[in-house]
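The figures here come from the full heavy-atom set of this structure, side chains too, leaving out hydrogens, waters and symmetry mates. Bear in mind the structure is a predicted one, so any value in this text is a computation, not a measurement.
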Amino acid sequence: LGRGQKKLSCCNMCQRIMHRKKKVVTAQENEYQLKERAFMELASKCQTVICCRVTPKQKANMVKLVKRHKKAITLAIGDGANDVSMIKTAHIGVGISGQE
């Protein structure tokens, strides 16, 4: 060790590393929140927003996003098993069945 340097225990080193990681995660979360807000501002100006080629989880997250930012009653309409999570997440869910 050099002059004036302290010997760090393993626990102290872990705490410093975790503190640094928290800052990185916090910055990433803030960036994500800004992008989320910007998307909602843009989507709110549109009459219709269509999300295609997205996963079932992404569909459900879109409904959650609207619920969180707009405080609106949400309606989800789906025609397949991949729409179930979106339908369950919405206030009102409609499942369409039949033959094509």
If you take all heavy atoms of [X] and [Y], which pair is closest and at what distance?
X	Y	result
D83	D79	OD2-N, 2.9 Å
A76	A90	CB-CB, 3.6 Å
N82	P56	O-CB, 3.3 Å
V54	K59	CG2-CG, 3.5 Å

### Spacing of CE belonging to M40 relative to CD belonging to E36, to within rounding of 0.5 Å
8.5 Å

### Summary
Rounded to the nearest 0.5 Å, the NE2 atom of H91 sits from the OG1 atom of T74 at a distance of 5.0 Å

#### Entry: Connected via hydrophobic side-chain network under 4.5 Å: I77 and V63
no

### Query
Does M86 share a hydrophobic cluster with I96, counting links as ILVMFWY side-chain heavy atoms below 4.5 Å and allowing steps through other members?
no

### Message
Would you say that Y32 contacts R37 through its side chain, given a criterion of any heavy-atom pair below 4.5 Å between the two side chains?
### Response
no

### Query
Any side-chain heavy atom of I87 sitting closer than 4.5 Å to one from V94?
no

### Message
So, using side-chain contact (heavy atoms from CB on, under 4.5 Å) as the criterion, who are the partners of K64 when residues are at least two apart?
### Response
N61, T89

### Message
When you compare the side chains of H69 and E41, does any donor N or O come within less than 3.5 Å of an acceptor on the partner?
### Response
no

### Query
With sequence neighbours left out, which residue pairs that include part of residues 44-53 fulfil the side chain to side chain donor-acceptor pair (under 3.5 Å) condition?
S44-K70

